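Working notes, beginning with the structure itself.
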Amino acid sequence: MADIAANLAAAKVQVRRAVFRRTSDPAEQKRMLAALKADRWAGDPFLARQMRQHWKRGRNRTHDQIVVRADQHNTVVDGRGRLWLAVPGLQRRRMVRIPLSTTVAPTGTLRLILRGGRVEVHYQIDASQMRSSQRPCGDRTVGVDKGYTEVLTDSEGGRHGCRLGVLLASESDRLKERNRRRARLRSIANSAAGRGDHAKAHRITVNNLGTVKRDRQAARHRARVRTEIFTAVHRVVDKAASVVAEDLTKRFAGRKMLGKNVNRRLAAWTRGVTAEALANVSERRGSALVHVNAAYTSQACHRCGRLGRRNGDRLHCTPCGVVWQADVNAAINILQRAGDPDIALHTPHHKVKQILQDRTDRHRTRLPVQDSSPATAERRANNPNRSAMSNKQEAASCT
């Protein structure tokens with residue numbers, strides 16, 4: 001109920017802005033805002049349309065599913081050691097028995113979904129009782145940067161989940177070849193249908209253009225990727241009491257138009273899985289997750305702060321005369337952003353670039369900090385830059 005109320009309040013904020021954009025008449029604005037506040041927006045066509053657009057309500061698009069109460073099912077182990085789930089059927093006093101592919105009996109309210117010729121059994125478990133939740137976290141503060149050949153690179157030089165790039169590349173190549181063959185068969189089927197040979201088109205569609213096998217392969221690939229990502233996050237939390245990372249749930253539009261093959265390899269959906277793993281594992285194991293602004297962390301040198309030239313996995317810093325490993329350098333910059341008093345989480349990227357350039361100019365001319373207002377001085381006193389920590393990590397990254 002609290003989530004529903006929060007979503008409703010968030011929608012009303014957007015609708016208020018739409019009201020002010022729609023009319024400048026104070027009386028009309030007052031009438032609409034009063035109706036919105038008193039939850040009488042359903043009687044006004046404009047308010048109702050805006051609320052339908054902005055009020056994010058949960059929608060379940062899963063078909064062929066039933067919910068079984070906790071007292072309406074039971075499990076039985078046969079003589080061969082297999083676990084069977086018995087649920088009520090359509091005939092009175094007749095149970096439908098479903099073989100399970102696990103030895104752990106499901107408990108509580110069940111949700112049975114018929115998908116791809118198989119029955120999925122969904123039930124709720126206590127995350128605190130999971131074996132992985134009993135593992136203690138580390139005692140250090142670590143910054144992490146998301147990569148594409150590996151899941152995460154930490155500020156100490158560790159690389160976690162190095163098989164991710166191989167999984168994504170192999171799946172991308174397989175999808176490219178499979179889609180090419182399916183497009184050829186679909187063209188043959190369309191040509192046959194155009195000639196009037198509907199029997200041939202139907203045979204090709206049924207036998208060669210099905211989706212059951214394709215969906216199973218996609219599900220297996222997603223499961224392997226999730227396992228790799230969660231394992232990598234667990235290894236980071238093994239040594240970190242506080243994990244500093246960028247906000248991977250935030251969307252951003254790139255300036256370059258990439259091809260389909262490159263987009264498949266980059267696999268933007270893995271950002272969501274990584275964000276889920278960081279939040280889930282950190283919460284269950286008692287580690288703090290800190291989100292920071294990651295703008296220009298992969299292009300700035302962590303030693304001098306100047307913007308360098310990136311070439312693949314290398315960052316060339318001309319003033320320092322050093323070539324850094326780009327992901328390790330970005331992880332160190334992310335760690336340092338946690339104590340940066342000037343760059344907040346939602347600071348626009350162009351302002352971040354201006355701040356970095358101003359710092360570079362002051363460092364080059366050896367001028368003091370120009371903004372000496374009491375508020376800025378207080379922020380700097382409360383959130384000092386972690387120079388000592390960066391020096392230690394600088395030495396670690398050079399090795």
Side-chain angles (χ1 to χ4, degrees), residues 1-11 39 55-137 211-231 233-234 237 249 269-270 272-289:
M1 295 299 295
D3 292 340
I4 295 175
N7 291 334
L8 178 61
D39 287 331
W55 190 6
K56 304 301 181 182
R57 301 178 296 277
R59 294 181 175 85
N60 193 340
R61 296 181 175 87
T62 304
H63 303 284
D64 301 328
Q65 64 172 334
I66 61 173
V67 177
V68 184
R69 292 187 334 201
D71 58 343
Q72 296 293 326
H73 65 84
N74 56 72
T75 55
V76 179
V77 180
D78 61 10
R80 299 169 56 183
R82 292 188 303 176
L83 185 64
W84 291 75
L85 173 66
V87 298
L90 296 178
Q91 298 182 8
R92 188 175 183 181
R93 297 182 181 177
R94 294 291 299 271
M95 304 289 282
V96 177
R97 290 172 175 81
I98 304 172
L100 302 179
S101 59
T102 179
T103 58
V104 180
T107 58
T109 303
L110 306 182
R111 184 182 299 274
L112 306 183
I113 302 175
L114 182 62
R115 180 180 294 155
R118 305 178 65 182
V119 177
E120 298 180 1
V121 182
H122 296 245
Y123 61 99
Q124 186 177 5
I125 63 174
D126 187 2
S128 62
Q129 302 301 322
M130 297 175 61
R131 185 172 60 181
S132 60
S133 300
Q134 307 300 326
R135 294 166 55 181
C137 63
T211 60
V212 174
K213 181 178 179 181
R214 182 191 65 182
D215 294 343
R216 289 181 181 177
Q217 290 175 343
R220 285 196 296 266
H221 170 67
R222 288 194 298 267
R224 286 194 293 266
V225 171
R226 285 181 64 89
T227 300
E228 186 71 17
I229 291 176
F230 271 82
T231 302
V233 173
H234 273 292
V237 177
T249 61
W269 64 272
T270 60
V273 180
T274 305
E276 176 192 353
L278 284 170
N280 192 326
V281 174
S282 298
E283 180 181 359
R284 289 195 285 113
R285 297 184 57 184
S287 177
L289 178 61

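This one's a predicted model, so the numbers in the text were calculated from it and none came from an experiment.
Looking at R111 and E120, no side-chain N of the basic residue comes within less than 4.0 Å of a carboxylate O on the acidic one, giving no salt bridge.
The stretch residues 83-105 participates, sequence neighbours left out, in no salt bridge (charged side-chain N to carboxylate O under 4.0 Å, His left out) pair at all.
For the pair V225/T270, a side-chain contact is recorded, criterion being any heavy-atom separation below 4.5 Å from C-beta on. Side-chain contact between M130 and I125 is present, with heavy atoms from C-beta onward closer than 4.5 Å.
L85 pairs in a side chain to side chain contact (heavy atoms under 4.5 Å, CB included) with only one of the listed residues (N74, L110, V119), which is L110.
Remark: R224 pairs with no residue by the side-chain hydrogen bond (donor to acceptor under 3.5 Å, both in side chains) rule, at least two apart or across chains. Residues satisfying the side-chain hydrogen bond (donor to acceptor under 3.5 Å, both in side chains) criterion with T75, sequence neighbours excluded, are absent altogether. Every residue two or more places apart in sequence or in another chain was checked for a salt bridge (Lys or Arg N to Asp or Glu O under 4.0 Å) with R214, and none qualifies. Residues satisfying the side-chain hydrogen bond (donor to acceptor under 3.5 Å, both in side chains) criterion with D78, sequence neighbours excluded, are R82, W84. Residues forming a side-chain hydrogen bond (donor to acceptor under 3.5 Å, both in side chains) with R80 (at least two apart in sequence, or on another chain): none.
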For H122 and Q65, run side-chain contact (heavy atoms from CB on, under 4.5 Å): C-alpha distance rounded to whole Å, both residues' side-chain angles, the deciding distance at 0.1 Å, then the answer. CA-CA 10 Å; H122 296 245; Q65 64 172 334; over 6 Å; no

Determine whether Y123 and V104 satisfy the following criterion, side-chain contact (heavy atoms from CB on, under 4.5 Å), listing intermediate values before the conclusion. CA-CA 12 Å; Y123 61 99; V104 180; 4.1 Å; yes

Test log, rule side-chain contact (heavy atoms from CB on, under 4.5 Å), inputs I98 and L112: CA-CA 11 Å; I98 304 172; L112 306 183; 4.3 Å; yes

Check the pair I229 / T231 against side-chain contact (heavy atoms from CB on, under 4.5 Å), numbers first and verdict last. CA-CA 5 Å; I229 291 176; T231 302; over 6 Å; no

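Side-chain contact, R285 with H234: a donor N or O sits under 3.5 Å from an acceptor N or O.
With values rounded to the nearest 0.5 angstrom, I113 atom CD1 is found 11.5 Å from H63 atom NE2. One finds the CZ atom of R284 at 9.5 Å from the CZ atom of R135 (value rounded to the nearest 0.5 Å). Note: N280 CG to S132 OG = 8.0 Å, rounded to the nearest 0.5 Å. Atom NE2 of H73 is separated from atom CG of D71 by 8.0 Å, given to the nearest 0.5 angstrom. With rounding to the nearest 0.5 angstrom, the OG1 atom of T274 is 10.0 Å from the CZ atom of R226. Atom CZ of residue R115 and atom CG of residue D64 lie 9.5 Å apart, to the nearest 0.5 angstrom.
Within 6.0 Å of the CD atom in Q217, the count of heavy atoms belonging to other residues, nucleotides or ligands exceeds 12.
Between V96 and G89, the shortest heavy-atom distance links the atoms CG2-CA, 3.7 Å. Closest non-hydrogen pair, V281 versus F230, comes out as CG2-CD2, 3.9 Å. The two atoms that bring G286 and C137 nearest to each other are O-SG, 3.9 Å, heavy atoms only. Among all heavy-atom pairs drawn from T103 and L83, the shortest one is C-CD2, 4.0 Å.
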